[in-house]
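Have a look at the structure below, then the notes.
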Amino acid sequence: QEQLEESGGESVQTGGSLKLSCKYSGYIWSTACIGWFRQAPGKERQGVAAIYTTAGVTYYDDSVKGRFTISQDSTQNQVSLQMTNLDSEDTGVYYCAAKFVAGRWACGLSPDFTNWGQGTQVTVSS
């Protein structure tokens, strides 16, 4: 059974940094697409970053390019999201999501992921 567990969310000040982690189980490393999504109050869930684990190919929403970095550690079954230069628009619940994919073409930021974690809260304030 596939499971995902996020950690690392907390309150930070504008301009600060934060690292989220997603530990997953039940996925074969070489066939997974792991993504990070966020949902702010009153807004739809938004894809932030994703990684095609086979080749380490990454995808980012324009709003986070240059500030967020998604990375993987196959030895720990973990995907991390390093966030820098945070602002209030980054506030929200961050979810880790995963799906099996046949190739990199099937990985990206569309919300058609099959498994989701419970989420971790990130609050950015001045």
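As a basis for the values below, the full set of heavy atoms in this structure was taken, side chains included, without hydrogen atoms, waters or symmetry mates.
- Put simply, the residue from Asp90, Asp61, Asp62 that forms a salt bridge (Lys or Arg N to Asp or Glu O under 4.0 Å) with Arg67 is Asp90.
- Counting all heavy atoms, side chain and backbone alike, Ala50 lies closest to Gly108 at CB-O, 3.4 Å.
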Could you please spell out the steps behind the side-chain contact (heavy atoms from CB on, under 4.5 Å) verdict for Cys96 and Ile34?
CA-CA 7 Å; Cys96 178; Ile34 311 289; 3.9 Å; yes
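- The main-chain N or O of Val79 is never found under 3.5 Å from a side-chain atom of Ser71 such that the two would form a donor-acceptor pair.
- A donor-acceptor contact shorter than 3.5 Å links the side chain of Tyr60 to the backbone of Ile70.
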Determine whether Val122 and Thr91 satisfy the following criterion, side-chain contact (heavy atoms from CB on, under 4.5 Å), listing intermediate values before the conclusion.
CA-CA 5 Å; Val122 173; Thr91 294; 5.8 Å; no
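- Asn115 contributes atom CG, which lies 9.5 Å from atom OG of Ser25 (distance to the nearest 0.5 angstrom).
- Under 3.5 Å, the side chains of Arg38 and Tyr94 contain a donor-acceptor pair of N or O atoms.
- Two rings, from Trp116 and Phe37, have their centers less than 6.0 Å apart.
- Annotation: cation-pi geometry satisfied between Lys99 and Phe113 (NZ/CZ under 6.0 angstrom from ring centroid, within 45° of ring axis).
- Under the 4.5 Å side-chain contact rule for hydrophobic residues, Tyr59 and Val101 share a cluster.
- Distance OG1/Thr53 to CD/Gln72: 6.0 Å, rounded to 0.5 Å.
- Within the 4.5 Å cutoff, the side chain of Thr120 has heavy atoms near those of the Leu20 side chain.
- Within the structure, side chain to side chain donor-acceptor pair (under 3.5 Å) contacts touching residues 4-21 (residues at least two apart or in different chains) do not occur.
- Within the model, atoms CE of Met83 and CZ of Phe68 stand 5.0 Å from one another, a figure rounded to the nearest 0.5 Å.
- A 6.0 Å sphere centred on CD of Glu89 holds no more than 12 heavy atoms belonging to other residues, nucleotides or ligands.
- Between the CZ atom of Phe100 and the SG atom of Cys107 there is a distance of 13.5 Å, given to the nearest 0.5 Å.
- Note that CZ of Arg104 and OG1 of Thr58 are 9.5 Å apart. Values are rounded to the nearest 0.5 Å.
- Within the cation-pi definition used here (under 6.0 Å to the ring centroid, within 45° of the axis), Arg45 qualifies as a partner of Tyr95.
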